[in-house]
Asker: 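Supplied in structure tokens, the structure appears directly below.
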2 protein chains.
Amino acid sequence: MRKKARETNGQSVVMRLRQAGLRPTRQRNELADLLFRDGNRHLTAETLHAEAVNRGIRVSLATVYNTLHQFTHAGLLRQVMVDATRSYFDTNTVEHHHYYYEDDGMLADIPGTDIDVGNVPDAPEGTKVSRVDVVVRLKRS
Amino acid sequence: MRKKARETNGQSVVMRLRQAGLRPTRQRNELADLLFRDGNRHLTAETLHAEAVNRGIRVSLATVYNTLHQFTHAGLLRQVMVDATRSYFDTNTVEHHHYYYEDDGMLADIPGTDIDVGNVPDAPEGTKVSRVDVVVRLKRS
DNA sequence: AGCTAGTTTAGAACAGTTCTAAATATCTTG
DNA sequence: CAAGATATTTAGAACTGTTCTAAACTAGCT
Ligand SMILES: [Mn+2]
Ligand SMILES: [Mn+2]
Ligand SMILES: [Zn+2]
Ligand SMILES: [Zn+2]
């Protein structure tokens with residue numbers, strides 16, 4: 001039986017890719033399946049590539065990088081900066097904040113009630129806020 | 001005339017280095033002078049190295065990296081993660097948050113009244129909060 | 001089927017950072 | 001202050017994550 005097209009924010013991924021002018025190729029479809037199959041994920045290009053290869057999906061690392069960037073530009077993913085040496089991609093694109101486990105380099109959404117960030121002064125002249133990121137860094141205790 | 005020892009948080013830098021078991025070498029002293037000479041700074045290893053060379057301070061890039069890490073471990077600096085490709089060091093070690101100018105890769109303290117971060121849930125079992133970072137990302141508008 | 005523009009890929013290149021191990025500087029002790 | 005022990009500096013190699021290149025391949029259109 002044919003796999004049902006996955007949905008994100010109501011629209012199918014294929015639809016959103018088309019709108020971004022991206023062809024739904026085998027690689028992009030299979031990566032999208034991996035990415036959006038189970039809930040919110042935080043992963044790096046190398047992690048995703050390993051997982052794909054592991055499941056028998058044939059795709060190059062270059063394509064994984066390309067795809068992650070394209071999905072990000074299409075608004076399907078969001079890039080999170082918490083570690084100077086790795087770039088994380090987040091399948092949760094609604095506004096939310098993160099725990100970063102410094103010891104094992106894991107990233108997770110902060111659950112429950114939203115964090116309030118108050119008292120942020122106006123953006124300086126000539127700029128506008130593109131995003132406010134809150135990262136709670138955790139250490140094993 | 002002899003340069004007066006610079007102070008940070010009351011103690012001289014040399015003193016704090018000694019306490020961290022670090023010898024006050026020419027390179028470390030000259031870098032400390034550059035770092036703490038004028039107010040709060042946000043810089044990368046390569047920036048600091050260029051600045052040093054520029055002022056005729058003879059020091060290798062490796063030593064700049066070593067020194068920045070050692071100063072960080074000694075609590076004289078703090079490392080800030082905002083860009084996946086560069087590592088910033090901050091001479092302001094008191095709790096504060098940042099503007100990040102995405103277009104030109106500049107980092108600045110958020111001035112004025114402190115930002116409130118409220119409603120942060122308790123740290124997960126077995127962990128403790130090592131730091132809460134707020135980064136307001138700005139775009140040219 | 002044939003054409004065209006978009007896509008994938010292996011591998012080279014790159015940037016920032018860390019490592020290595022030999023030379024040099026600092027500190028301690030006599 | 002000389003000698004020895006230990007810490008530091010350094011040039012350059014190595015490494016890591018990421019981007020680039022350009023040739024092979026594929027999707028979509030007629
Ligand atoms: Mn991009
Ligand atoms: Mn370190
Ligand atoms: Zn998230
Ligand atoms: Zn700062």
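Residue numbers begin at 1 in each chain, while the letters A, B, ... track the order of the sequences. All heavy atoms count here, side chains included; hydrogens, waters and symmetry mates do not.
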Asker: Nearest-Å distance, CG (A:Leu48) to C1' (D:dG17)?
Answerer: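 After rounding, the reported distance stands at 15 Å.
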Asker: Ignoring the backbone of B:Tyr65, work out which of C:dG16, D:dA11, C:dT9 is nearest its side chain.
Answerer: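 Nearest nucleotide to the side chain: C:dG16.
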Asker: Looking only at side-chain N and O atoms, does B:His97 offer a donor or acceptor that is under 3.5 Å from a partner on B:Asp133?
Answerer: no
Asker: Can you measure A:Arg18 atom CZ to C:dA5 atom P for me and round it to whole angstrom units?
Answerer: 18 Å
Asker: Expressed as a whole number of angstroms, how long is the span from B:Arg23:CZ to C:dC27:P?
Answerer: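 Atom CZ in B:Arg23 sits about 6 Å away from atom P in C:dC27.
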Asker: Side chains of A:His96 and A:Asp90: do they bring a donor and an acceptor to under 3.5 Å?
Answerer: yes
Asker: Closest nucleotide of DNA chain D for B:Gln27 versus for A:Arg86: which of these residues is on the 5' side?
Answerer: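 Final value for this comparison: B:Gln27.
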Asker: In whole angstrom, give the distance that lies between atom CG of A:Asn29 and atom P of C:dG6.
Answerer: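 Nearest whole value for this atom pair: 18 Å.
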Asker: So A:Ser87, base contact, sugar-phosphate only, or nothing? Heavy-atom distance under 4.0 Å.
Answerer: sugar-phosphate
Asker: Looking at B:Arg37 and B:Glu51, does any basic side-chain N land under 4.0 Å from a carboxylate oxygen?
Answerer: no
Asker: For D:dT26, take OP1 and OP2 only and decide whether either is under 4.0 Å from a side-chain N or O of A:Thr25.
Answerer: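 No, outside the criterion.
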Asker: A:Leu61 has a side chain; which of C:dT9, D:dT9, D:dT18 sits nearest to it?
Answerer: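 Selected nucleotide: D:dT18.
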Asker: Choosing from D:dC20, C:dC27, D:dT18, which nucleotide comes nearest the side chain of A:Ala62?
Answerer: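 Closest nucleotide among those given: D:dC20.
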Asker: With a 3.5 Å cut-off and no angle check, do the side chains of B:Tyr100 and B:Asp83 form a donor-acceptor pair?
Answerer: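 Short answer, yes.
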Asker: Output the distance between atom CD (A:Gln27) and atom CG (A:Asn66), rounded to the nearest 0.5 Å.
Answerer: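 A:Gln27 CD to A:Asn66 CG: 10.5 Å, rounded to 0.5 Å.
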Asker: When you measure only distances, ignoring hydrogens and angles, does the side chain of B:Arg28 come within 3.5 Å of the base of D:dT8 through a donor and an acceptor?
Answerer: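 When only heavy-atom distances are counted, B:Arg28 does not reach the base of D:dT8 through any donor-acceptor pair under 3.5 Å.
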Asker: Which sits closer to the 5' end of DNA chain C, B:Arg26 or B:Tyr88, going by the nucleotide each is nearest to?
Answerer: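 Nearest-nucleotide comparison on DNA chain C picks B:Tyr88.
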Asker: Provide, to the nearest angstrom, the distance between the CG atom belonging to A:Leu68 and the C1' atom belonging to C:dT8.
Answerer: 15 Å
Asker: Rounded to whole angstrom units, what separation is found between the CG atom of A:Leu17 and the P atom of D:dA27?
Answerer: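 Distance, rounded to whole Å: 15 Å.
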Asker: For B:His69 and C:dT18, is the shortest distance between a side-chain N/O and OP1 or OP2 below 4.0 Å?
Answerer: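 Looking at the OP1 and OP2 atoms of C:dT18, one of them is under 4.0 Å from a side-chain N or O of B:His69.
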Asker: With nearest nucleotide decided by heavy atoms, which residue, B:Thr85 or B:Ser60, maps closer to the 5′ end of DNA chain D?
Answerer: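 The 5'-side residue here is B:Ser60.
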Asker: Using whole Å, what does the distance between atom P of nucleotide C:dT7 and atom CZ of A:Phe71 come to?
Answerer: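 After rounding, the gap between these two atoms is 11 Å.
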Asker: Taking atom C1' of C:dT18 as reference, at what distance in whole Å does atom CD of B:Gln70 sit?
Answerer: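 Answer to the nearest Å: 13 Å.
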